[in-house]
Protein chains: 2
Amino acid sequence: MRQAATIKDVGQRAGCGVATVSRVLNNTGPASAKMRERVLAAADALDFQFSEVGRSLQSSTTRTIGCVVPSIENPVYADAVQGAQAVFVNAGYQMLLTCTNYSADAEIHAVRTLIAKQVDGMLLTVGDAQNSEGLNLIRRRQLPHSLLFNAAPAGQTSWSVDDHAAAAAVADAFAKNNHVHTGFLALNFLSSDRARRRFEGFAERCMQNGMTPPALLEVDDDGLDLTAHLHGFLEDHPELTGIFASNDFLAFAVIRSARKLSIDVPRDLSIVGFDGIKVGQMVEPSLATIATTPRVLGTGAGKTVLSMIDGSAPPNVPQKEQTFSFRAGGSLAPLTAESKDDGKVAAFPPSNDQTRKTAKIQQERSK
Amino acid sequence: MRQAATIKDVGQRAGCGVATVSRVLNNTGPASAKMRERVLAAADALDFQFSEVGRSLQSSTTRTIGCVVPSIENPVYADAVQGAQAVFVNAGYQMLLTCTNYSADAEIHAVRTLIAKQVDGMLLTVGDAQNSEGLNLIRRRQLPHSLLFNAAPAGQTSWSVDDHAAAAAVADAFAKNNHVHTGFLALNFLSSDRARRRFEGFAERCMQNGMTPPALLEVDDDGLDLTAHLHGFLEDHPELTGIFASNDFLAFAVIRSARKLSIDVPRDLSIVGFDGIKVGQMVEPSLATIATTPRVLGTGAGKTVLSMIDGSAPPNVPQKEQTFSFRAGGSLAPLTAESKDDGKVAAFPPSNDQTRKTAKIQQERSK
DNA sequence: AACAAATATGGAAACGTTTCCATCGGGAGG
DNA sequence: CCTCCCGATGGAAACGTTTCCATATTTGTT
């Protein structure tokens with residue numbers, strides 16, 4: 001790349017000192033009309049633009065904010081990130097984005113790098129807010145930051161869905177539809193406090209509703225075809241009539257796998273998802289799910305960080321109860337009296353394929 | 001935020017000059033064992049980290065790459081961006097992300113800011129590659145960059161889908177299934193050269209296949225319910241038996257609207273999408289579409305930029321024909337001989353609701 | 001023991017800004 | 001005509017690095 005012009009070059013061409021150039025171009029301080037004109041002409045001729053690097057060094061501010069999320073392949077994060085980004089550009093900030101792919105190593109590495117880059121603030125979704133090395137680092141440096149989608153640790157603000165309560169609402173929905181035996185399908189269970197809180201909230205409310213404790217099916221790869229997992233899971237738990245998937249994509253995957261296994265959704269098996277992605281309402285059956293507002297959370301978290309930077313009043317985080325709503329859908333149907341009475345619903349078709357049980361399945365993980 | 005320690009502080013605490021600190025901490029140049037130890041201890045005690053700003057100023061390199069895309073709400077861009085981002089972090093670069101929301105103003109503004117921030121390279125999807133102010137600016141500065149999803153202008157490399165050929169493949173698919181009268185549904189038609197190229201490729205091949213020129217329905221808001229638009233469109237073009245939607249979300253939206261209008265997909269109306277997003281294969285009917293590999297494009301474009309920076313050999317862009325493939329799906333069905341013969345298929349149900357024609361509809365836009 | 005060679009260390013310049021301060025010139029008021 | 005003041009301008013320091021070069025110290029060789 002051609003060497004860019006510096007303020008010194010402009011001063012030379014305009015026949016003045018750098019101080020004058022700075023004053024003219026920034027409209028700070030006085031300058032005579034002819035001088036002003038000469039400087040402007042020189043800057044124009046040289047295609048001059050201030051170097052933010054030089055500025056940053058002198059002002060010890062970078063007008064840059066770091067953002068760390070697990071993955072923007074998940075539209076929930078993508079929407080939130082885009083919302084925050086819009087808030088940032090509006091305020092004259094740029095956003096450095098890093099995706100961790102749910103890896104704690106990538107997380108701490110990203111935080112370190114962003115700190116070295118001297119970001120003015122940070123927005124992040126960590127794997128485990130209670131125990132995040134990166135988060136500790138940020139706190140120690142007293143860097144303005146906000147959490148996103150993590151449950152807020154004591155004294156911290158976080159823009160997040162109340163996973164616990166939302167999962168409880170799912171349990172209620174199952175209960176209202178007479179389901180008693182349910183399962184919970186989790187992705188990244190170990191590396192995500194979100195998934196864990198959803199499971200806890202769900203299990204707790206199941207108990208309170210007199211349902212049996214949910215069976216846990218944990219998978220760790222998105223791309224994997226769930227069919228084998230689902231088959232084994234239902235074989236081990238033939239009494240299940242409903243499954244709560246920890247996100248909408250998983251819910252779709254289950255529905256597809258069920259279809260392959262000739263299990264009808266929702267007649268034989270009800271499915272509820274989490275997140276409320278757009279397509280959920282476009283397909284047949286529509287997906288029962290927890291609707292969330294990722295964009296709202298993203299913009300809110302972004303504004304929170306900005307307010308910490310400029311000392312203005314931070315926006316109010318929404319009431320916990322307003323961070324989600326249960327959205328009914330065709331994938332959750334009432335259990336008929338008959339199938340409920342005998343306890344064992346005909347949810348499992350004749351098993352004609354010898355699906356191998358895979359090692360990745362874990363069930364009844366108590367904790 | 002607490003004032004961070006500088007190399008000078010470390011030198012002071014370790015009782016040595018800054019040059020020594022730099023040498024020790026960067027493992028460049030010699031240092032005695034005790035000196036090394038003292039410096040390390042001092043750095044540790046002060047929580048010292050080099051400031052990238054200072055480094056950037058002195059090396060005139062920022063290890064930062066700018067990325068400009070229309071929106072990461074679209075998973076195609078999200079996947080590509082994430083792929084590129086992964087490539088960048090692997091090479092020790094960070095990514096500054098800006099979403100333009102398909103606005104040319106936002107585009108040029110983003111480019112300007114990124115240039116001021118002295119990014120080492122740039123990755124971008126512009127609205128119109130033939131006529132982009134931002135792109136010109138980048139070229140003038142000879143900044144290493146690659147296009148993504150734009151058709152490459154002469155002499156430029158771009159990692160993109162061959163929209164023209166892909167759309168032609170859709171026309172072929174319709175033809176093979178005996179469709180003659182089709183429509184094209186576009187979003188952001190004016191601000192996206194991609195949509196335009198798809199329309200051109202589709203229309204051209206329709207002609208070659210002896211089909212009638214496709215009717216154009218242009219909408220400009222994603223969130224809007226398409227039902228009214230679709231109703232009016234089919235009323236004006238009752239002969240249509242298939243619609244090519246310029247992306248998968250639009251395709252889903254059409255299918256939903258069709259359902260509301262009691263039009264059965266694919267019996268009464270076939271739908272083909274574009275992009276090949278994951279959920280397309282999970283739902284019923286599955287979506288016939290053009291499958292693309294955004295992640296591959298994103299990583300490729302990322303590597304291209306890196307290669308331009310370090311002067312290494314750039315990766316080969318895929319052959320145009322390999323940038324997409326037609327994916328069959330349940331939303332596209334053969335036209336029965338009977339419905340084909342009379343030309344006018346019973347694609348339109350009794351119109352019982354007085355849908356208002358909205359102003360946003362434009363049809364038969366030639367060019 | 002003396003000297004050459006190699007190793008260890010620090011000072012200072014340079015990178016591109018902003019901003020404080022000093023200087024210079026000129027117009028107004030005495 | 002002299003002073004005073006104000007507007008215009010430039011020099012220089014500071015921000016945090018790296019790196020060149022010079023100097024100081026150690027090691028090794030006769």
request  = Quick one: do Q94(B) and I65(B) satisfy side-chain contact (heavy atoms from CB on, under 4.5 Å)? Show the steps, please.
outcome  = CA-CA 6 Å; Q94(B) 306 297 117; I65(B) 290 177; over 6 Å; no
inquiry  = I want to confirm an ordering. Mapping L57(B) and T20(B) to their closest nucleotides on DNA chain D, which one lands closer to the 5' end?
reply    = L57(B)
inquiry  = Students often get this wrong, so: under 4.0 angstrom with heavy atoms, is S51(B) touching a base, only sugar-phosphate, or nothing?
reply    = sugar-phosphate
query = Would you say S22(A) reaches dT18(C)'s phosphate, i.e. side-chain N/O to OP1/OP2 under 4.0 Å?
reply = yes
ask   = Pick the nucleotide of DNA chain C nearest each of S59(B) and N26(A); which residue has the one closer to the 5' end?
value = S59(B)
key: Of the listed nucleotides dG10(D), dA8(D), dG10(C), the one nearest the side chain of C16(A)   = dG10(D)
Phosphate contact (dC15(D) OP1 or OP2) by T6(B) side-chain N/O below 4.0 Å = no
key: Spacing of I7(B) atom CD1 relative to dT19(D) atom C1', expressed in whole Å   = 11 Å
request  = Would you mind reading off the distance between R23(A) atom CZ and dT9(D) atom P, rounded to a whole angstrom?
outcome  = 8 Å
Closest to the F48(A) side chain, choosing from dT17(C), dT9(C), dT17(D) = dT17(C)
note = Here the distance between atom C1' of dC15(D) and atom CD of E52(B), to the nearest Å, is 16 Å
task = Just call it for G54(B): base, sugar-phosphate, or nothing, with non-hydrogen atoms closer than 4.0 Å on any strand.
result = base
task = Would you mind reading off the distance between K34(A) atom NZ and dG25(C) atom C1', rounded to a whole angstrom?
result = 12 Å
ask   = Once you round it to whole Å, what is the distance between C1' of dA14(C) and CG of D9(A)?
value = 15 Å
key: Nearest-Å distance for atom pair CG/P, residues N27(B) and dA8(C)   = 13 Å
message = At less than 4.0 Å, is any side-chain N or O atom of S32(B) found next to OP1 or OP2 of dT7(C)? Yes or no.
response = no
task = To the nearest Å, give me how far apart CZ (R36(B)) and P (dT9(C)) are.
result = 9 Å
ask   = Is any side-chain N or O of R55(B) closer than 4.0 Å to OP1 or OP2 of dT18(D)?
value = yes
query = Tell me: CZ of F50(B) to C1' of dC15(D), nearest whole Å?
reply = 16 Å
inquiry  = If the threshold is 4.0 Å, N to carboxylate O, is there a salt bridge linking E107(A) and R112(A)?
reply    = no
ask   = With a 4.0 Å cut-off on heavy atoms, is A31(A) in touch with a base, just the backbone sugar-phosphate, or nothing at all?
value = sugar-phosphate
query = Which of the following nucleotides, dT17(D), dA14(D), dT9(D), is nearest to the side chain of Q58(B)?
reply = dT17(D)
ask   = Charged N to carboxylate O below 4.0 Å: is that the case for R196(A) and D163(A)?
value = no
message = I'd like to know if D120(A) pairs up with R63(A) as an ion pair, taking the criterion as any Lys NZ or Arg NE/NH1/NH2 lying under 4.0 Å from an Asp or Glu carboxylate oxygen.
response = no
request  = Would you mind checking if K34(B) and E37(B) are paired as a salt bridge, meaning a charged N to carboxylate O distance below 4.0 Å?
outcome  = no
